[in-house]
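Scope of the values below: all heavy atoms of this structure, side chains included, with no hydrogens, waters or symmetry mates.
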Amino acid sequence: MKTIIFHEHTTSYSPSHQYIVFFLKKYIEKIESMPNYDLDDELMEFYVSLAATTNLSAGAAGMCYKTYTLDKDQYTKVVLNEEQMMISQGTTGLQTWEASLRLADFFVEHPGFACAAVGAAHVLSTDCSTAVLKLLEANRLKMRLHVAGLLRKAPNMVDPAFKDNVQVAELDWEHTDECAKLSDSADVVIGADITYDPTIVPVLVGALKEMVATSQQVAYITATIRNQETFDLFLQLVGKYLSIYNAVHVCTCDMHASYESGVLVKSVMDLSETKMTTLCHPNPMADIRLVLITRK
């Protein structure tokens, strides 16, 4: 256990103190339930000290690291610095939401989709919030340092063709001319949990209309269903301008609905019941749909 808590990665990219306390509490309870258990004094002292100085209430504020592993050997990692609060600095974009994890899991579990099979030649991460853009850039730089460290310690675990191909840029969906420029270089558009506000749904669909300009391009949008009317509005507007992607049958997920009208094509899959646990253990209460959108 000490090799986990005091591991170089854990100390360099520490999860929240609250998470560490809850994790150790469960671990200690497990050990104490065994006959002839022996708890390490140093570990117990660390746990008691941390628990006494940590705010254990729900919604504690502050930044922390979250590490997602993509393989059993835990060599391939995604490390993100995130805000623990759902809303901070006037935005919800400083935290990874369930729909994002489900979408990432979908790509990992189904490598035939999008850029997951061959690797993206270029990735552009966008937002219109200054706070989110600053955090995106910080995480990009940290991941570059993490990969550089792997190249030194375990070069065989890094793809020799790896390049720092991620960039961060401001993008306002209302600026459709900027969205249209992206269509020249973007084969795949990815968005997660961006359909929650009915007032911005028309703007989002307008941006997708500009970015998905040909039938060779596709958008993957995951949505957590908090208000069915808002999600239906998104589908309605997408059906008016775009089309439903009809290759969903290759996925083991259930196709929830299918629409084909206007200029764009879309297909909707229910990810709520899927057993994707590569990056996360799904919240059973979350109703999450994946919408695949392309041109007719």
Side-chain angles (χ1 to χ4, degrees), residues 12-13 62-70 76-108 114-116 118-151 158-159 161-197 200 203-204 206-208 210-213 217-223 279-280 293:
S12 299
Y13 304 103
M63 304 295 290
C64 69
Y65 286 101
K66 291 185 179 180
T67 300
Y68 305 95
T69 58
L70 301 180
T76 308
K77 299 184 180 73
V78 177
V79 183
L80 298 177
N81 193 19
E82 300 184 9
E83 171 60 55
Q84 297 179 74
M85 293 282 288
M86 288 185 177
I87 301 176
S88 178
Q89 300 182 50
T91 180
T92 60
L94 301 179
Q95 184 183 89
T96 301
W97 291 75
E98 178 90 7
S100 301
L101 296 174
R102 294 288 187 92
L103 183 57
D105 255 340
F106 173 81
F107 286 138
V108 173
C115 52
V118 295
H122 180 73
V123 176
L124 183 65
S125 187
T126 67
D127 205 278
C128 65
S129 164
T130 301
V132 175
L133 290 169
K134 183 178 179 180
L135 184 58
L136 286 172
E137 179 63 17
N139 279 324
R140 184 188 74 83
L141 293 175
K142 284 186 176 68
M143 280 306 299
R144 187 169 68 177
L145 291 173
H146 176 67
V147 172
L150 275 182
L151 283 170
V158 180
D159 187 339
F162 172 82
K163 295 180 180 179
D164 183 16
N165 57 0
V166 179
Q167 289 185 314
V168 175
E170 180 179 2
L171 180 65
D172 189 329
W173 296 339
E174 292 185 339
H175 298 164
T176 53
D177 54 335
E178 295 298 322
C179 296
K181 290 178 182 178
L182 291 179
S183 69
D184 295 333
S185 57
D187 299 314
V188 178
V189 177
I190 298 173
D193 221 338
I194 53 178
T195 62
Y196 55 88
D197 185 347
I200 64 170
V203 181
L204 167 61
L208 288 172
E210 298 299 328
M211 288 185 280
V212 182
Q217 296 168 301
V218 62
Y220 297 81
I221 309 295
T222 48
L279 293 175
C280 67
I293 304 169

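Legend: residues meeting side-chain hydrogen bond (donor to acceptor under 3.5 Å, both in side chains) with E174, ordered by chain and number and at least two apart, are absent.
In this structure, V166 and R140 approach most closely via the heavy-atom pair O-CD, 3.0 Å. Contact detail for V212 and I293: the closest heavy-atom pair is CG1-O, 4.4 Å. Heavy-atom minimum distance, L135 versus N81: CD1-O, 3.4 Å. Contact detail for G191 and L103: the closest heavy-atom pair is O-CD2, 3.9 Å. A pairwise comparison of heavy atoms in C179 and A207 identifies SG-CB, 3.6 Å as the closest pair. Counting all heavy atoms, side chain and backbone alike, T222 lies closest to S100 at OG1-N, 4.5 Å.
Separation of atoms CD (E210) and CH2 (W173) is listed at 14.5 Å; rounding is to 0.5 Å. The CG atom of D193 lies 6.5 Å from the OG1 atom of T195; values are rounded to the nearest 0.5 Å. Interatomic distance, K134 NZ to L136 CG, rounded to the nearest 0.5 Å: 12.5 Å. The OG atom of S183 lies 6.0 Å from the CD atom of Q217; values are rounded to the nearest 0.5 Å. Atom OG1 of T176 sits about 11.0 Å away from atom NZ of K181, to the nearest 0.5 Å. Note that the SG atom of C128 and the CD atom of E170 stand 7.0 Å from one another [nearest 0.5 Å].
At distances below 3.5 Å, not a single donor-acceptor pair connects side-chain atoms of D127 with backbone N or O atoms of L133. Between the E82 side chain and the C64 main chain, no donor and acceptor come within less than 3.5 Å of each other.
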Derivation and outcome, side-chain contact (heavy atoms from CB on, under 4.5 Å), residues E178 and L171: CA-CA 7 Å; E178 295 298 322; L171 180 65; 4.0 Å; yes
